[in-house]
Amino acid sequence: MRRIVASAICLSLTLGASLAKAEDYPTRDITDVVVWSAGGGTDTANRVVTAEMSKFLPTRINVVNKPGGVAGSIGMSYASNQAADGYTLVGLSESNVTAAVQGGWDKTFEIWSPFIIGGSPDVLSVNADSPYESLEDLVEASQEDPKAIKAAAGGSGSIHHLNLLAFEKGSGAKLNFIPYPGSAPGQNAAMTGEVSVVVTSLAEQQQLLKAGKLRPLGMLVEQASSVKGVGSIPSAFDTYPNLREYLPISQTIGFAVSTDAPQHVKDTLADAFKKALETDAVKQWAADNFYQLSGKTGKEASAQFRQLESLFSWTLHDLGAAKINPDKLGIEKP
């Protein structure tokens, strides 16, 4: 009897020690794989927030970039092939939800458990030396010579691409979309004159607008925006009311861990994430960069990305820009 009791106690202690060790997360540095290029909105947001998160964890979160593929499929494929132990995060945005319908890979966003930082509204701008002084100038010129005016808006299927397509639908513009692996390269292309038009977020463009490198023509949301040193940027809705049928489409930036990661891993990340969003550093960054902070995690964040995946996938399908029918992927209509 004593031997049985002793064995039971020993087994209990062993299991307890193993469980404690398993839940001792993290014990080494975490890698956040951002699927867009360095300098873009997703990259910047991830670097700012994970730097603050590291202050509430015993290890660091290191950010690396793996852009490319279709709608960020290279970075997502890499991250999804790593162990589901919480040591690999993926920095992503709403633009990545279209990777499946565009043939980038065969997975949906159900494989991710996201943490939503927030987002910034999109603005349509032109090169500083552009002859287009207003949206009307741009639209009329594009109608006179369809597809002659080149426009950058991130990668195919990104929110900026969808907003560009929606702008065309609502205004009658006929632009020639040129895909780039992220917002920063697209903005650089607009500055150098490689393209005439660029659609990215106000957060990403603001420094270029202040420096006079780009000239804003309109916000792709119903509200105008005011930028110090630039002035008021009108809403495109004021000139083209029909845009309300297609816009706005909200930016949603954050990061995710594998859905299969242990719950205590998700809980640890969520705790550090929420604390990071409450820091003065993150709040000041958000205010300075026209970001609205979210903080959603768990089921709430997953539900938001499911809605975005449905909306974006079926929008691309209806616009004739999807390679794969969302039905075949089990993506329900919005």
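All values reported here derive from a predicted model rather than from experimental measurement. Along the sequence shown, residues are numbered consecutively beginning with 1.
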For this session: Please check if the side chain of D29 supplies one atom and the backbone of I61 the other of a donor-acceptor pair under 3.5 Å.
Result: no

Exercise. Which heavy atom of P248 sits nearest a heavy atom of F237, and at what distance?
Worked result: N-CZ, 4.1 Å

Exercise. Do the side chains of Y291 and M219 join up, straight or via other hydrophobic residues, at under 4.5 Å, putting them in one cluster?
Worked result: no

Exercise. Is there side-chain contact between S93 and I253, with heavy atoms separated by less than 4.5 Å?
Worked result: yes

Exercise. Hey, does the side chain of S235 reach the backbone of V221 with a donor-acceptor pair shorter than 3.5 angstrom?
Worked result: yes

Exercise. With side chains defined as the heavy atoms from C-beta onward, is the minimum distance between K210 and V227 less than 4.5 Å?
Worked result: yes

Exercise. Side-chain heavy atoms under 4.5 angstrom apart, residues restricted to Ile, Leu, Val, Met, Phe, Trp, Tyr: same cluster for V126 and L208?
Worked result: no

For this session: Nearest 0.5 Å please: distance from the CD atom of Q251 over to the CD1 atom of I159.
Result: 5.5 Å

Exercise. Just checking, is any N or O donor in the side chain of Y246 or S171 under 3.5 Å from an acceptor N or O on the other one?
Worked result: no

Exercise. Taking everything shown except D280 itself, do over 12 heavy atoms lie less than 6.0 Å from its CG?
Worked result: no

Exercise. Crowded around Q292 CD? As in, over 12 foreign heavy atoms under 6.0 Å?
Worked result: no

Problem set entry | E94 side chain to T252 backbone, donor-acceptor under 3.5 Å | yes

Exercise. Are the side chain of N127 and the backbone N or O of A190 linked by a donor-acceptor pair below 3.5 Å?
Worked result: yes

For this session: State whether the side chain of K66 and the backbone N or O of I74 hold a donor-acceptor pair below 3.5 Å, judged by distance alone.
Result: no

Problem set entry | Check: T279 side chain, A276 main-chain N or O, donor-acceptor pair, under 3.5 Å | yes

Exercise. If you draw a 6.0 Å radius around CZ in R60, do more than 12 non-hydrogen atoms from other residues or ligands fall strictly inside?
Worked result: no

Exercise. Hey, quick one: are V70 and W105 part of the same hydrophobic cluster, counting side-chain heavy atoms closer than 4.5 Å, chains of contacts allowed?
Worked result: no

Exercise. Which heavy atom of A71 sits nearest a heavy atom of S95, and at what distance?
Worked result: CB-O, 3.7 Å

Exercise. Does the side chain of R47 reach to within under 4.5 Å of the side chain of T44, using non-hydrogen atoms?
Worked result: no

Exercise. Between E52 and K275, is there a side-chain N and carboxylate O pair less than 4.0 Å apart?
Worked result: no

Problem set entry | Heavy atoms of other groups near K169 NZ, more than 12 under 6.0 Å | no

Exercise. Can you tell me how far CD1 of I30 sits from CE of M53, rounded to the nearest 0.5 angstrom?
Worked result: 7.0 Å

Seminar exercise, completed: Taken to the nearest 0.5 Å, the spacing of L164 CG from L162 CG works out to 9.5 Å

For this session: Please report the shortest heavy-atom distance between G186 and V195, naming the atom on each side.
Result: O-CG2, 4.3 Å

For this session: State, with a plain yes or no, whether a side-chain heavy atom of T268 is found less than 4.5 Å away from one of V265.
Result: no

Output side-chain donor-acceptor pairs under 3.5 Å for residues 322-334, partner residues at least two apart or in another chain, one line each.
residue, atom, partner, partner atom, Å
N325, OD1, D327, N, 2.8

For this session: Work out which heavy atom in S120 is nearest to a heavy atom in F290; give both atom names and the distance.
Result: OG-O, 3.1 Å

For this session: Taking N65 for its side chain and V35 for its backbone only, find out whether a donor-acceptor pair lies under 3.5 Å.
Result: no

For this session: Compare every heavy atom of A184 with every heavy atom of A38, then report the nearest pair and how far apart it is.
Result: O-CB, 4.0 Å

Exercise. Would you call L89 and N46 a side-chain contact if the rule is heavy atoms closer than 4.5 Å?
Worked result: no

Exercise. What's the spacing between L138 CG and L124 CG if we round to 0.5 Å?
Worked result: 6.0 Å

Problem set entry | Sole residue of W36, F255, F109 in side-chain contact (heavy atoms from CB on, under 4.5 Å) with L92 | F109

For this session: Look only at the side chain of K55 and the backbone of A272, and say whether a donor-acceptor pair between them is shorter than 3.5 Å.
Result: no

Problem set entry | Side-chain heavy atoms of V101 within contact of W314, under 4.5 Å | no

Problem set entry | 4.5 Å side-chain heavy-atom contact, F273 and I117 | yes

Exercise. Less than 4.0 Å between a side-chain N and a carboxylate O, is that true for E309 and R306?
Worked result: no

Problem set entry | Shortest non-hydrogen contact between N242 and G170, atoms and distance | CB-O, 3.5 Å

Exercise. Is it true that V48 and L57 fall in one hydrophobic cluster, defined by side-chain heavy atoms closer than 4.5 Å?
Worked result: yes

Exercise. More than 12 non-hydrogen atoms from neighbouring residues, nucleotides or ligands closer than 6.0 Å to CD on Q143, yes or no?
Worked result: yes

Problem set entry | Close side-chain approach of Y180 to N188, heavy-atom, < 4.5 Å | no

For this session: Answer with yes or no whether the hydrophobic clustering places I233 together with V199; edges join I, L, V, M, F, W, Y residues whose side-chain heavy atoms lie under 4.5 Å apart.
Result: no

Exercise. Does the S134 side chain pair with the main chain of D137, one donor and one acceptor, at a distance under 3.5 Å?
Worked result: yes

Problem set entry | Side-chain (W112) to main-chain (P114) donor-acceptor, under 3.5 angstrom | no

Exercise. Between the side chains of N289 and Q206, is a donor N or O closer than 3.5 angstrom to an acceptor N or O?
Worked result: yes

